[in-house]
Each structure stands twice: as C-alpha cells, then as structure tokens.
Amino acid sequence: MTGTGNNRVDNVGENPGEMSGAYALHALNPGEAAGYEAHLAESEQARIEAAELSDTAVALGLATAPVQPSAALKASLMARLATTPQLPPLRAPTVAPAVVRAVPVPPDVVEPAAERPAEASAGPVTPVAASSGGTASERARRRWFRGPVSMLVAAAAAVALFVGGAFAGQAFNSDQFPQQQAAGLAQINSAPDSKRASTTTSDGHKATLVWSTERKLSALLVDDLPELPSDKDYQLWYIGGTGAVSAGTFDSSGTGTVWRVLDGSITVGDLIGVTVEPKGGSKQPTTDPIVAIQSS
Amino acid sequence: MLGLMTADFDFDLESTAPASKEVLLGRVAQGNETAFGDLYDQMAPRVLGLVKRLLIDHAQSEEVTQEIFLEIWQSASRYEAQRGGASTWILTMAHRRAVDRIRSSQAGRDRDTKIGIRDLAVEYDNVSETVETRIEHERVEKAMSRLTELQRQAISLAYYGGLSHSEVAERLHIPLGTVKTRLRDGMIRLRDELGVAA
C-alpha cells in the first residue's frame, strides 16, 4: 500500500463507487475520502448510497451499550461553552423558528459594488459554500452596523462567541458598541425565558421584539426598514404610564434586517416604540411611533 | 401621548412538551445553553458508549466525548434536519472523532493488541441497558448474522475496531480490493436487512 496522504486527493481508481462501504465506516485515509467525495459531487446515485450506508453505520453505533459519563464531564463541558465559538449558519434557513437563525444571513442582503453573497444558493454543503457563507454573514453584519471593517469583525465574533459572557450595558464607546450589541442579542436568545412578539410597522415592515425578563434585556428587529435622511435617526422608547424613556437610537440601510439591543432595562409589560427623530435623538418623542410592541 | 398599535403575539419559542433532539439542536445553534444541557443528557451515554467501544480506555473516551460535544456546540448551525435525524448526525460525528483519535495517536497502537484478542461479534454489556437499546442491539445482531463471515469480520474491524481498510486487509490477510468489496457488499446487505432508506 502506498501512503498515508494528508491534505491531498488520492486517485480512487476506475470504480470509486466501490469505496462507499469503507467511506461510511470511516475506513478510508483522508486522501481517499477526499477522492471519494469528489466522486460524490458528480453522482446523485452515489450520494444516495453514501447517505444510506452512513445511516446503516449509525445503526451499528446505536447497537453499542450506552455508558454513563461522569458528572464532571458535563460540568466541565458546560463551563467551556461561554468561550467556545459557534459557527454561523451556512445559508438562510427556509423556516425561521427563532430570531438568531433569521438574523445572521438575511436572504436579501445586497452588497453594492461587490459580488452578490452566495448564501441564498441552496447547493450541497461544501467547504467552498462554508467560506462564502461566512463571508456573506459578515457582510450582512457590516450592513447592520454600517461601521468600519474592524468593527464588523468584532461584532461577528461577539455574536458567535460571547453567549453567556460578560455584557456591559453601559459606558460604550464607538469601538465597543457593536460588540456589546451583538453580545446582548446573543444573551437574549440564549436566555431560558427568551420570548418574542411580532407586528408590522406603519409601512408594513415586519418588526419583532425579543426579550428576556430574567436578563432585563430586549432587542428590536425590523426587516427592510427604510433608510432615513442623514439628519434623522430612529429612536427606541420604553413607553409606560408616566411617559416615554429613550432606549437609544439607530439607523437602517433600507435592506436586510436591522436590529438594536435597547439601552436600559426592560420590565414585564413595557411597551416598546420607535419614532423618527432628529439626528442624535430627542428627550421625548416628537412624532407618532411607526411601531409599538408590548412585552408580557 | 403616543398612540398604540396592535401587536400579534407569538410565543412559540418555548414549548412545554419535551423537546425532540432535532428541536434542541436548533436551539443549540442559537447559543441556548439549556438546550445544549438537555441534548447532552439525552445523547452523552450513547456517544460515550460508542467511543468507548472503539477506544476501550474510559478516561480517554470521556476526553473524546467532550471534544465531540464541543463540536456539536460549535457546528450545530450546520445540522440540516432534512438530511437526517439529530442522533444520526451526532453518532456519525462521534464515530469519526473516535477513529481520528485512534489514527492520530499512540493510543491506536496500544489498543491494537487488545482488539486482537477480543471477540469481534457485536459485543454488548448488559449494564445500563434500556428496552430501546436492547431491541436495537438485537435487530443489528440479527442483521449481522445474515452477512458472510468475511463481510462481518471486515465491518466489525472497521467500525468497532476503528481500523482503516488497509489495516483490515492486513489483519484478515486478504487483498485490499477484496476488503473494499466486502465492506461495500456487507454494508448494502445490512442496509437492506435493517430497512434503511434515504
């Protein structure tokens, strides 16, 4: 036998289909496996056989006796989650049962003067798709924040990484802001009591409020919210019996999903509203809200 | 004073019914640690059982199990429900990880001698068994009994022993081409016996 190839695609001979059994059993060396996968890319029939034999191998796995792990294993694992990065989805989901899956890769993100992101194409999962999907979601984040590239990297990392990590809700400067926003959204979505409510804006755009009462955090997400003139901002408000309290300002590029974690703390029953205000925001709302959603 | 607008409320994020592994995996993809804990509780004995079957050493098997669950955490967003169940995705990953460990370390050579003296039939300890796993075990054992001796040995050495096809060839003193054929024919036979369809 020749070789233990690394990072190479071995010639799998004239009948690559014969490798299907060994492939399903993880009995090929990496080069041979890559060669067989190249064959899979070309043959629907081979893909079906590979999937069936892989499922068959799982049946062999399910036939082994379960072994109870030590309690220490779970504890150690749970402790590592907060610092273990999660990969972004490869493509926009066909159904969006919850917020985060819908957010990272909006299907209609368009990057001007650049290639159209590849995330919407629903091809087989390949390493190529993986890298372009990541790029697309990074582009998407850049659109939401409309910040420089260094900020987008921080934001992308924060969305993925800092679930359960430290989130400082105040004292942000321009460098930390996107990261804190991303960390806040991750905190809300990972909260055991995470909830959401949806409605439409006065212009018919879908708006969703997500919140965690336990963590006192909330975020508003709006699809395709129109871009405002440069002298205006959108402003968020907590609206209670005693009036409105500002929860921060944001802007929108007009396409994709814009989102903003609210400043301050949400309390059960708070009504969250958005108005259009002069740039930098107002002390009290000066226009009628374009949307209002109640938490409960 | 601000006018109010009607909101449609939508509280389907959390259900009171026990969540399926597929649903849990979806939540894990969103960074939900509670869902990850639940998924771990359901799957960890399965994963460790399989890994330990290959690696034999308990401490090392727990270590690899931890790596597997961290990979689940990291790549949950890549799971596609339409391509199969969550158990299938997880156990496929678990087997690959266990095999990687065997091939990348001295551990593989250390355990080689132990493999040699073990019975290679589907092995089963009756510890912590459930009705479900007992039935699954018997189903697979029955399917395995329909294979030729050579098919059965080749598949057992590859899957439970974690041997590469060339190692299987050495072990059984048969040409590599024959091993490939036996592995494929045997797996197809098993697939048909077990009624697996894509």
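- Closest approach of A/L60 and B/Y160 over heavy atoms only: O-OH, 2.8 Å.
- A donor-acceptor pair under 3.5 Å is formed between the side chain of A/R47 and the backbone N or O of A/L40.
- Between chain A and the options B/L91, B/V47, B/I90, B/L194, heavy-atom pairs under 4.5 Å are most frequent for B/L91.
- Contact count against chain A (heavy-atom pairs under 4.5 Å) is highest for B/G37 among B/G84, B/S75, B/G37, B/A158.
- Most heavy-atom pairs under 4.5 Å with chain B: of the set A/A72, A/A59, A/A57, this distinction falls to A/A57.
- In this structure a side-chain-to-backbone donor-acceptor pair under 3.5 Å is present from A/Q235 to A/S282.
- Interface remark: B/T34 contributes side-chain atoms only to the contact with chain A (heavy atom separation under 4.5 Å).
- Interface remark: B/D185 contributes no atoms to any contact with chain A (heavy atom separation under 4.5 Å).
- Shown here for A/A46 and A/H39, the closest heavy-atom pair between the two residues is CB-NE2, 3.6 Å.
- Ion pairing between B/R184 and A/E18 fails under the 4.0 Å rule for side-chain N and carboxylate O.
- The residues B/E63 and B/R101 are annotated as salt-bridged, a charged nitrogen and a carboxylate oxygen being separated by less than 4.0 angstrom.
- In terms of heavy-atom pairs under 4.5 Å with chain A, the best-connected choice from B/V51, B/D41, B/V168 is B/D41.
- Of all the listed residues (A/S20, A/A207, A/S70, A/A24), the one sharing the greatest number of non-hydrogen pairs under 4.5 Å with chain B is A/S70.
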